[in-house]
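Note: hydrogens, waters and symmetry copies are ignored here, and every other heavy atom, side chains too, is used. Quick note: residue numbers are just sequence positions, from 1. Whatever order the structure lists them in is the order used to number ligands and atoms, beginning at 1. Note that the structure is a prediction, hence the values are computed from the model and not measured.
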Amino acid sequence: MKLPNKVSSLMKVTAVGSMVAASITTTALIGKEKTAIGSEKVEKPIKDEFTSPKEKPNIVYIVLDDAGFSDLGSYGSEIKTPNMDQLASDGLRYNNFHANPMCSPTRASLLTGRNHHSVGMGSVANFDLGPESHTQARIKPEAATSAEILKENGFSTFAVTKWHAAPLHEITPAGPFDNWPLGQGFERFYGFLESHTDQFAPELVYDNHMVEPPEKEDYHISVDFVDHAIQFVTDQVSVTPDKPFHLYLGFGATHSPIQVPEEYINMYKGVYDKGWDEIRKERFERQKEMGIIPQDTEFIPRDPEIKAWDSLSKEEQELYARFQEAYAGFMTHTDDQIGRFISRLKEMGELDNTMIVLVSDNGASRESSNGSISFLNYINGNPTETKDLIAVKDKIGGPEVRAAYPLGWAQVSSTPFKNYKQSLHNGGTRVPLIIHWPEGINEENRGEIRTQYHHVIDITPTVLDIIDVEVPETYQGIKQMPMHGTSMTYSFENSDVPTTRIRQYYSIYGSRAIVDGDWKAVTYHKQGEPYENDKWELYRMNDFTESNNLAEKYPDKIKELEKLWYEEAEKYDALPYEFETSQVRGYINPKAVNNRNQFAYYQGMEHIGTYAAPKIQNRSYTIMATIDRKEKKTDGVLVAHGDHLSGYTLYIKDDKLVYEYNLLGTVYKMVSKEKVPVGESTIQFEFQKTGNLQGKAFLMINGKQVGEVEMPKTFKATLAEEGLDIGRDMLRPVSPDYGKGKDFKFSGKINKVEYHLMND
Ligand SMILES: O=[N+]([O-])c1ccc(OS(=O)(=O)O)cc1
């Protein structure tokens, strides 16, 4: 690639292994040192350690989660994001950049430069449909990641991020670890592995082991992430200053749970009282003024699923305004953290020589429809009623609930586009992209907007182009698939050069789309509906808001594009395209650690992710613990899965055995009629299924029944966000009644906790 300034002259290094030679030729020789190797003296050049520049720029990916196109100030928002806006004004902003419509597929494409089905990430990492499927919840070894390729080329590699690119049933303290960040080319990792986590009490992983969040009154994961990113970069720059680094910094923000320190929510008090209709119009006008959308863009009507703001009661308006105050505060808080990271790079003199790619992983989320206080409402198809939301209004944004904003605000985030995450209209895929690289982007181009159509598979090929590295033909002995993306570097200098990306297929949850030159065909598949009902729409690429459906006018074009979609889908392993989440949600890969009916866990085992725990849903089962209570005051948790919003726990308190099952607020509880004896005993919880998702539960001590409870409704899908603990209940307690001590750790001996699951 042709670069505007001094960096280009330093970047003539190609392919693995040539770094050493390159560093000798480009390094000032200020002296010679005699080094003894065996009996011979060898001359070794000495670098000027303070002045020799790196041969290659640092590469930083900053990924926002579920942020819509209009959510940053530099894309038209009223939300304050001064640090990201500064990156935009000192760099480039793209207005026709597309992600995949969901998280894991975007992350897989970002890291590999390949299409997501090809690398095995057909859907989110929640779904592992086995090695024959395009939906394996992992990145295949035939697609080395940017971290793997850059590491081979002399970069240090770190990830401080949400990962969501390993099967969730692999989130256990015993791995398997191949699909965790350290198995995918990152030398250091700090983050979480699922789709989201509590921002105040996250399930954290450091390298390859679970860790507990630091005990700090004002702990927040985004702050912790940037503290670690700063730590990793500081260590690297201090110790190996001539080595470039590749950092993947991906926030949990602004995915739900929307949780942020109160002062950030307060910053937006009153700002959203005017409602989603007005705010969407304001963002649209601002976008036109700043030129991020064309002057002739059509303003699309309100989504018919969303109520007019003026038709809402005062109480509803106050409720929904609070959601957006919290969302905006969450974004500003994230921006502050990004600012801290940028300042640190600047202080260390690393900012100019760092290429920062800032992107959102998909469009705005519609997953909570009416607003919710737990993602499990969505997963279990159980929307939260407005009255229940109003009851907790002042807690929205705080630690006690796990808020997700309602559709009205998602449409604001999507401004000016139609639809949301999981859809293939622009609202699902067209996301902010900022590229900041002072040494690589000419001063006269800075702050400009780029309109060329590009896709997330193009980022890693752009990086390889910049550092002049070829895609390896084999990686660790495995033949590599070619990159599917193409370099975007040509667009750095030119706003009016036509795009080099002509074609791109999309496919998620049965929805399909294809871009081909000037055309886009798209069909939205509503989950559960027959596929014959899916209607293809046809748009010109310059129809910014996809307002003018030309399907009827050009029936042949639609047929041609549908055929092309099949060809591309075949080429990139995206067939079959049919995908019903309700059918695959219960599937467990036969190789998964929890694809068993018998489990025996021992005291001291670390925390297990919720998707790797025994699947007790809709079946009979027993949990049996053999324990030893030394004395009457021996108490604590025997087993707990979940948190304060949902899950179950079995514990001993005040000499009694207690069981609680919390179904998103509906609690079934048993306290044993008899005391648990001092000394050894066998504790048993038994659930007898009596019908679909219902049953009767019993408590037993040494074979004697000591409690029973009817459980007329139980979880269908995921039963808890937080995972499973033996002998304690870490992070958020399932029961508010433990009453004492961190984790309510069992003070006696647990020989083992066994699960026996039935196939009824
Ligand atoms: O349906 N799911 O299981 C699901 C949906 C969305 C989702 O969100 S994402 O941001 O991680 O894509 C995670 C899981």
Item to check | Evaluation steps, side chain to side chain contact (heavy atoms under 4.5 Å, CB included), between Ile459 and Tyr61 | outcome: CA-CA 9 Å; Ile459 297 295; Tyr61 295 165; 3.6 Å; yes
Item to check | Full working for ring-ring contact (aromatic ring centres under 6.0 Å, His included) between Tyr572 and Tyr505 | outcome: CA-CA 9 Å; Tyr572 294 114; Tyr505 86 98; 5.6 Å; yes
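Inclusion of Gln422 in the set of residues having an N or O under 3.5 Å from an N or O of ligand 1 is not warranted.
The single protein non-hydrogen atom nearest to atom 7 (C) of ligand 1 is Phe375 CZ, 3.6 Å, given as residue, atom name and distance. When hydrogens are left out, the protein atom nearest atom 13 (C) of ligand 1 is Ser195 CB, 3.7 Å; that is the closest non-hydrogen contact. With respect to atom 3 (O) of ligand 1, the closest heavy atom belonging to the protein is Arg585 NH1, 2.9 Å. Remark: minimum distance from atom 8 (O) of ligand 1 to any protein heavy atom is reached at Lys421 NZ, 3.2 Å.
With a 4.0 Å heavy-atom cut-off, ligand 1 is reached by the side chain of Ile379 but not by its N, CA, C or O. Using a 4.0 Å cut-off between heavy atoms, Tyr611 makes no contact with ligand 1 at all. Residue His196 does not touch ligand 1, judged by heavy-atom distances below 4.0 Å.
Here the side chain of Asn362 pairs no donor or acceptor atom with the backbone of Lys421 at under 3.5 angstrom.
Listed by number with element, the atoms of ligand 1 under 4.0 Å from a non-hydrogen atom of Glu367 are 6 (C). Close approach to Cys103 involves these atoms of ligand 1, each under 4.0 Å from a residue heavy atom: 9 (S), 10 (O), 11 (O), 12 (O).
Residues Leu168 and Glu194 meet the side-chain proximity criterion, which asks for heavy atoms closer than 4.5 Å.
Using cut-offs of 30° and 60° on the angle between ring planes, the pair His255 and His196 is parallel. Taking the six-membered ring where tryptophan is involved, the planes of His333 and Tyr264 are perpendicular, since the angle between them exceeds 60° and thus also 30°.
Distances from ligand 1 to the non-hydrogen atoms of Lys162 include at least one value under 4.0 Å. By the 4.0 Å heavy-atom criterion, Thr581 is excluded from the residues contacting ligand 1.
Of the listed residues (Val63, Asp66, Val431, Ile62), just one forms a side chain to side chain contact (heavy atoms under 4.5 Å, CB included) with Ser360, and that residue is Val431.
The pair Lys591-Asp128 does not meet the salt-bridge criterion, since no charged nitrogen lies less than 4.0 angstrom from a carboxylate oxygen.
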